[in-house]
Amino acid sequence: KSSQAVDVYLLGGQSNMQGLGKIAEIPSEIPKEIPNTFFWVGGKFEPLVLGKTKISNRITDFGPEVGFALNIA
């Protein structure tokens, strides 16, 4: 196993992190898998893939994490 330094950003909250954006309305030029962005799922990090990674109460929705990830990536 190799070690590599990474930057970690934690976004937290309740209503201010609620996903109300619609993935279907994201422009087609936005990649479905956001580069260098991972989501903690079931005890491990997985790539953040829009429409696959559950980032809201509904798989079809997203919150501010998507815009943040696109800007940071």
Side-chain angles (χ1 to χ4, degrees):
K1 229 178 189 183
S2 65
S3 296
Q4 180 182 357
V6 296
D7 293 325
V8 175
Y9 299 92
L10 301 174
L11 306 178
Q14 292 178 0
S15 61
N16 60 329
M17 289 297 295
Q18 177 63 40
L20 297 176
K22 303 298 179 196
I23 289 175
E25 296 174 4
I26 294 176
S28 61
E29 62 268 11
I30 301 298
K32 292 296 180 197
E33 184 171 330
I34 300 176
N36 303 310
T37 304
F38 300 89
F39 210 77
W40 185 255
V41 179
K44 63 182 177 175
F45 284 106
E46 295 182 359
L48 177 53
V49 181
L50 299 175
K52 178 181 175 196
T53 306
K54 187 175 180 193
I55 53 179
S56 181
N57 286 334
R58 292 170 297 280
I59 196 73
T60 58
D61 296 356
F62 68 94
E65 69 284 343
V66 172
F68 179 82
L70 288 167
N71 282 303
I72 293 298

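As the structure is a computational prediction, the values presented were derived from the model and not from experiment.
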Trainee: Please tell me whether L50 and L70 are part of a single hydrophobic cluster in this structure, the criterion being side-chain heavy atoms less than 4.5 Å apart.
Mentor: yes

Trainee: Going by heavy atoms in the side chains, are R58 and L20 under 4.5 Å from each other?
Mentor: yes

Trainee: When you group the ILVMFWY residues by side-chain heavy-atom contacts below 4.5 Å and let the links chain together, are I30 and F62 in the same group?
Mentor: yes

Trainee: Rounded to the nearest 0.5 Å, what separates atom OG1 in T53 from atom CD1 in I59?
Mentor: 7.0 Å

Trainee: Please, which pairs that meet ring pair (Phe, Tyr, Trp, His ring centres under 6.0 Å) have at least one residue in residues 42-61, sequence neighbours excluded?
Mentor: W40-F45

Trainee: Can you confirm whether more than 12 heavy atoms, excluding those of K22, are under 6.0 Å from its NZ atom?
Mentor: yes

Trainee: Could you list the residues that satisfy ring-ring contact (aromatic ring centres under 6.0 Å, His included) with F38, not counting sequence neighbours?
Mentor: none

Trainee: How close do A73 and I34 get, heavy atom to heavy atom, and via which atoms?
Mentor: CB-CG2, 4.5 Å

Trainee: How far does CZ of F39 sit from CD1 of I55, to the nearest 0.5 angstrom?
Mentor: 6.0 Å

Trainee: So if you build clusters from Ile, Leu, Val, Met, Phe, Trp, Tyr with side-chain heavy-atom gaps below 4.5 Å, do I72 and I26 land together?
Mentor: no

Trainee: Look at atom CD of Q4 and say whether more than 12 heavy atoms of other residues, nucleotides or ligands are closer to it than 6.0 Å.
Mentor: no

Trainee: Side chains of L48 and E33: closer than 4.5 Å at any heavy-atom pair?
Mentor: no

